[in-house]
Protein chains: 2
Amino acid sequence: MAKAEHAERQGNRAGAREETERAILDAAERVFAEAGFGGATMQAIADLCALPKANLHYYFASKKQLYRRVVERIFLVWLEAADSFESSATPEVALRRYITRKMDLSRAHRYGSKVWANEVMHGAPIIQDFLESTLREWTESRVRVIRRWIAAGEMREVDPRWLLYMIWATTQHYADFAHQIETLNDGPLSDAQWDAATETVCGIILRGIGIGAGR
Amino acid sequence: MAKAEHAERQGNRAGAREETERAILDAAERVFAEAGFGGATMQAIADLCALPKANLHYYFASKKQLYRRVVERIFLVWLEAADSFESSATPEVALRRYITRKMDLSRAHRYGSKVWANEVMHGAPIIQDFLESTLREWTESRVRVIRRWIAAGEMREVDPRWLLYMIWATTQHYADFAHQIETLNDGPLSDAQWDAATETVCGIILRGIGIGAGR
DNA sequence: AATGAACTTGACTGAATGGTCAGGCCTGCT
DNA sequence: AGCAGGCCTGACCATTCAGTCAAGTTCATT
């Protein structure tokens with residue numbers, strides 16, 4: 001951000017570059033999400049951001065590298081959501097906040113979620129190292145937090161991993177399977193429906209682990 | 001089956017044909033699951049079932065048609081699982097059986113689940129009609145069953161759709177995100193782990209909707 | 001054994017697509 | 001104004017891949 005401002009002040013060169021890269025990444029995210037890596041074409045991405053195909057190759061060396069950048073950007077968003085899982089709070093507050101945040105993300109970053117899902121489904125050829133380092137560490141740390149809550153009698157005894165998987169699965173489902181949900185719903189979910197779904201997910205999970213959550 | 005036996009008795013021609021088609025479909029299911037439609041190549045499928053590529057085109061007119069047949073076959077398996085959701089039983093028995101069945105499916109048909117997920121994520125270009133007809137009818141019928149249970153005070157008041165999505169998401173996650181789960185687990189889940197995960201999922205959901213399920 | 005239909009397959013083709021490149025253009029600095 | 005470096009792009013190339021085909025082979029039937 002500071003870099004962009006600096007650039008802006010002394011000409012629009014660097015700022016324009018960042019803007020163009022972002023536009024390409026946005027288009028790429030959507031095309032990769034809708035067609036998968038193999039089905040996506042550089043031409044389709046170029047069309048979506050109204051740039052000649054050769055231009056994409058000026059900013060990103062190859063399709064693979066562009067894809068990698070897309071995935072990395074998504075991972076950062078994911079990490080941001082992960083931070084909302086605060087170990088200091090009670091399980092009720094922490095989990096409710098985390099689930100809500102993940103539901104929001106599913107709504108705001110539908111394409112990103114799909115790209116991530118695709119990548120993992122295909123064996124994570126690009127981001128295996130992330131899974132083995134950052135994701136693993138994050139998961140293990142939260143597993144310990146949950147174990148502590150259990151030991152303190154703040155929630156029912158449940159293997160933390162199955163609980164985390166359930167939260168990931170359910171929240172991401174609203175992005176990855178949005179098409180199915182919208183078909184069954186005759187259109188996109190309304191604000192009220194998102195709120196209701198979020199509340200229901202929170203409610204079932206919190207009660208499910210022995211926390212008499214609201215209402 | 002009767003057809004195959006009949007064929008077998010009067011020569012192995014028709015029987016062999018079915019067997020070959022099944023081999024191709026199995027290979028295709030796996031390749032489509034691992035690479036997506038766009039990333040899959042007929043050659044890769046041919047290699048996996050040890051047949052010359054030209055032979056695939058003798059049995060299936062095009063890549064698209066082969067893909068369609070793969071998806072249709074998966075849908076039949078899905079329907080079979082759907083039948084285990086019996087409206088006659090109590091919610092506890094019905095949901096427990098349904099969840100267990102879906103977890104079993106995720107374990108036995110990992111590739112099928114992935115192909116389905118891919119198809120829906122990409123906007124269901126091939127099976128949109130299924131979503132709008134069969135899936136919709138099935139869902140609406142189960143929604144009514146769940147509403148009846150709620151009206152009868154057998155479970156907490158919860159929008160049935162969010163509950164169903166949660167069950168689908170969680171159970172399918174064990175197939176679609178198997179790679180991620182196995183990375184975090186340092187290897188495939190053991191029998192005991194599958195049982196534990198299934199039990200935890202049942203437990204959280206049943207308690208979550210106000211049914212004091214076992215243990 | 002003869003026959004013809006069903007099956008098999010190596011070699012080929014046309015189209016699509018990732019990637020390249022040379023030359024032109026614009027921008028900001030001196 | 002003039003210049004240098006970053007930026008843009010149409011045309012092109014090499015590869016990959018779905019799909020074809022014609023020439024074989026196998027097999028059930030008669």
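Order of the sequence lines sets the chain letters (A, B, ...), proteins ahead of strands, with each chain counted from 1. A quick note: this is a predicted structure, and the numbers were derived from the prediction, not measured.
For the pair B/Arg144 and B/Glu137, the salt-bridge criterion is not met [side-chain N within less than 4.0 Å of a carboxylate O]. Using a 4.0 Å cut-off between charged nitrogen and carboxylate oxygen, A/Lys114 and A/Glu29 do not count as a salt-bridge pair. Ionic pairing of B/Asp186 and A/Arg136 is present here: one or more N-O contacts between side-chain nitrogen and carboxylate oxygen are shorter than 4.0 angstrom. Using a cutoff of 4.0 Å between basic side-chain nitrogens and carboxylate oxygens, A/Arg96 and A/Glu86 are not scored as salt-bridged.
Taking the screw axis at each terminus of the helix from C/dA1-D/dT30 to C/dT30-D/dA1 from five consecutive base pairs, the angle between the two is 10° to within rounding of 10 degrees.
Nearest heavy atom pair, residue B/Trp194 against residue B/Ser106, reads CH2-C, 4.2 Å.
Atom CD of B/Glu19 is separated from atom P of C/dA6 by 20 Å (rounded to the nearest Å). One interatomic measurement links the two molecules: CZ of A/Phe37 to C1' of C/dT17, which rounds to 12 Å at whole-angstrom precision.
Residues from residues 39-65 of chain A lying near DNA chain D, meaning a heavy-atom separation below 4.0 Å, are A/Pro52, A/Ala54, A/Asn55, A/Tyr58, A/Tyr59 in numerical order.
A side-chain N or O of B/Ser113 and one of B/Asp176 form a donor-acceptor pair less than 3.5 Å apart. For the residue pair B/His173 and A/Gln172, no side-chain donor N or O sits within less than 3.5 Å of a side-chain acceptor on the partner. Remark: the B/Glu119 side chain and the B/Tyr67 side chain contain an N/O donor-acceptor pair separated by less than 3.5 Å.
Phosphate contact (OP1/OP2 of C/dC7, side-chain N/O of B/Arg17, threshold under 4.0 Å): present.
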